[in-house]
2 protein chains.
Amino acid sequence: MKQRVSTRFSMAIHILSMIAVKHTEQTGDEIARSVNNNPVVIRRVIGMLKRAGIMDVRAGVGGAFLLKTPEEITLLEIYRAVNEIEENDLYAFRIHEDSNVGCPVGRNIESVLHSEFAKAQAAMENQLGSTTLSQLIPRFI
Amino acid sequence: MKQRVSTRFSMAIHILSMIAVKHTEQTGDEIARSVNNNPVVIRRVIGMLKRAGIMDVRAGVGGAFLLKTPEEITLLEIYRAVNEIEENDLYAFRIHEDSNVGCPVGRNIESVLHSEFAKAQAAMENQLGSTTLSQLIPRFI
DNA sequence: CACCGTTGAAACGTTAATCGTTATAACAAT
DNA sequence: ATTGTTATAACGATTAACGTTTCAACGGTG
């Protein structure tokens, strides 16, 4: 199993969908049962979503709720929340450092790559940003 | 230092640019000097680029050469080479598995996420695929 | 107020990938 | 044959993901 990418994003969408759809009890254990994972893992993701201001939980029984409407929550917002990404953070790519400035390629590679990678990441983010949680809900029948 | 993403892609573009530009000797050691890294790491990346049919190396002194023109080599092709990605491989995202099919969300989450993630990844790949090595070369002055 | 289920968070171990390094073998040019 | 280059295996350190156990804090209900 490749672990270089987290499943937190995937689980976060699952969790928020559960809350938005409200088919069942909304306890962490019930959500964990749907995701089929340990409740602590679910709470970890919920913690990140809370910190990002997407949802909150009233201590006590099943007190999870969204802080925005599903129309306002984009996948990009969720993606950034669970990966702790700031805006303008080149997250999807990494550039090797300390290239030799004595070489024309080494001297310019970082700025060239930064602009190219930023364009590729922006393309992905634009797509994620154009989809809202509300667009997914009808598909959970 | 975050290691969840490899710098191989970044180094691969550096390596191929060196070969395309030919400012210096083309030995692995000389490339390693520009990238400022261990020659073995460079050869590892070169090995992946060879396997992908992008370049080849004649054993002996500095025998590295491209198998296509810089106009034909896209960043997407390089990206796939160094990450060993097949077409239609959902690489940039991962979906948690074994969701509970007894729950409407759990039952549908995988197909919903797969189509959404595929769109986001395709957006990124379209951008990478629209840029060629030749477009970068003029910037290495 | 006491109890019980829920939430929150720390801590630990396992697994997997990155990546720098050393060592060794094979090969080409001179 | 010698020398420099390439190819590859192997090792260890580092880091992130993630499942699990454990315990403290809190709310609602009786």
Side-chain angles (χ1 to χ4, degrees), chain A residues 1-12 14-15 18-19 24-52 55-65 79 81-85 91-99, chain B residues 1-12 14-15 18-19 24-33 35-52 55-65 79 82-85 91-99:
Chain A
M1 187 203 310
K2 297 199 219 173
Q3 301 244 128
R4 104 201 113 225
V5 177
S6 170
T7 55
R8 283 192 304 262
F9 183 33
S10 162
M11 285 193 287
H14 191 145
I15 292 165
M18 291 282 288
I19 298 173
T24 61
E25 293 293 313
Q26 292 306 319
T27 69
D29 279 31
E30 187 60 35
I31 294 173
R33 207 133 37 223
S34 175
V35 177
N36 200 18
N37 202 329
N38 192 299
V40 176
V41 174
I42 303 302
R43 283 186 227 133
R44 256 203 293 252
V45 177
I46 289 178
M48 303 182 92
L49 296 173
K50 282 169 60 176
R51 242 167 284 138
M55 59 174 287
D56 203 355
V57 179
R58 264 187 294 272
V61 182
F65 57 99
Y79 181 74
V82 296
N83 289 305
E84 283 165 343
I85 306 175
Y91 177 79
F93 300 95
R94 252 176 82 217
I95 302 175
H96 59 286
E97 296 175 345
D98 303 318
S99 288
Chain B
M1 189 200 311
K2 299 199 218 175
Q3 300 244 130
R4 105 203 113 220
V5 177
S6 172
T7 56
R8 284 193 304 263
F9 183 32
S10 163
M11 287 192 286
H14 191 146
I15 292 165
M18 291 281 290
I19 298 174
T24 61
E25 294 292 314
Q26 291 306 319
T27 69
D29 280 29
E30 187 59 36
I31 295 174
R33 208 136 31 226
V35 177
N36 199 18
N37 202 329
N38 192 297
V40 176
V41 174
I42 303 300
R43 285 189 222 123
R44 250 198 304 246
V45 176
I46 288 178
M48 302 182 93
L49 296 173
K50 284 169 61 176
R51 241 167 285 138
M55 59 174 288
D56 204 356
V57 180
R58 265 186 294 272
V61 182
F65 57 99
Y79 181 75
V82 296
N83 288 303
E84 284 166 341
I85 306 175
Y91 175 80
F93 300 94
R94 254 177 80 217
I95 302 175
H96 59 286
E97 296 176 344
D98 303 318
S99 288

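Order of the sequence lines fixes the chain letters, A, B, ..., with proteins taken first and strands second; residue numbering starts at 1 for each chain. Computed from a prediction, not measured in an experiment: that's the story for all the values here.
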Discussion item. In whole Å, I'd like the distance from the CZ atom of Phe9(B) to the P atom of dT18(C).
Written reply: 15 Å
Fill in: OP1 or OP2 of dG8(C) under 4.0 Å from side-chain N/O of Lys50(A)
yes
Side-chain atoms of residues 32-41 of chain A: list all donor-acceptor pairs with protein atoms under 3.5 Å, sequence neighbours left out, distances to 0.1 Å.
| from | atom 1 | to | atom 2 | distance (Å) |
| --- | --- | --- | --- | --- |
| Arg33(A) | NH2 | Glu30(A) | OE1 | 3.0 |
| Ser34(A) | OG | His14(A) | NE2 | 2.8 |
| Asn36(A) | ND2 | Asp98(B) | O | 2.7 |
| Asn38(A) | OD1 | Val40(A) | N | 2.9 |

Worksheet item: Is Arg58(A) side chain donor-acceptor paired with the dG28(D) base, going by distance under 3.5 Å alone?
Response: no
Fill in: Protein-nucleotide distance (Ile95(B), atom CD1; dC18(D), atom P), rounded to Å
13 Å
Discussion item. When you measure from the side-chain N and O atoms of Ser6(A) to the phosphate of dA16(D), is any distance below 4.0 Å, counting only OP1 and OP2?
Written reply: no
Item to complete: Can you figure out which of dT6(C), dG19(D), dC18(D) approaches the side chain of Thr27(A) most closely?
Response: dT6(C)
Worksheet entry | Interatomic distance, His96(B) NE2 vs dG19(D) C1' [rounded to whole Å] | 15 Å
Item to complete: State, yes or no, whether a side-chain contact exists between Ile95(B) and Thr7(A) at a heavy-atom distance under 4.5 Å.
Response: no
Discussion item. Is Thr7(A) close enough to dA17(D) that one of its side-chain N or O atoms is under 4.0 Å from OP1 or OP2 there?
Written reply: no
Worksheet item: Atom CG of Asp29(A) and atom P of dT21(D): how far apart are they, to the nearest Å?
Response: 13 Å
Item to complete: Please say whether the positively charged group of Arg94(A), taken as NZ for Lys or CZ for Arg, lies over the ring of Phe9(B), i.e. under 6.0 angstrom from the six-membered ring centre and within 45 degrees of the axis.
Response: no
Worksheet entry | Side chain of Val40(B) - closest among dT21(C), dG19(D), dA10(C) | dT21(C)
Item to complete: For Leu49(A) and dA9(C), give me the distance from atom CG to atom P, rounded to whole Å.
Response: 13 Å
Discussion item. Minimum heavy-atom separation for Met18(B) and Ile31(B), please, with both atom names.
Written reply: CE-CA, 4.1 Å
Item to complete: Could you tell me whether Arg44(A) contacts a base, only the sugar-phosphate backbone, or nothing, with contacts defined as non-hydrogen atoms closer than 4.0 Å?
Response: base
Response to the item:
When rounded to whole Å, the CG to P distance for the pair Asn36(A) and dC18(D) reads 15 Å
Practice prompt. Grab the CZ-C1' distance between Arg43(B) and dA25(C) for me, whole Å please.
Written response: 12 Å
Discussion item. Looking at Asn38(B), I'd like to know whether one of its side-chain N or O atoms comes within less than 4.0 Å of OP1 or OP2 on dC19(C).
Written reply: no
Discussion item. Do Arg8(B) and His96(A) have side chains that approach each other closer than 4.5 Å (heavy atoms only, starting at C-beta)?
Written reply: no
Worksheet, complete the sentence: Here the distance between atom C1' of dC18(D) and atom CD of Glu97(B), to the nearest Å, is 14 Å
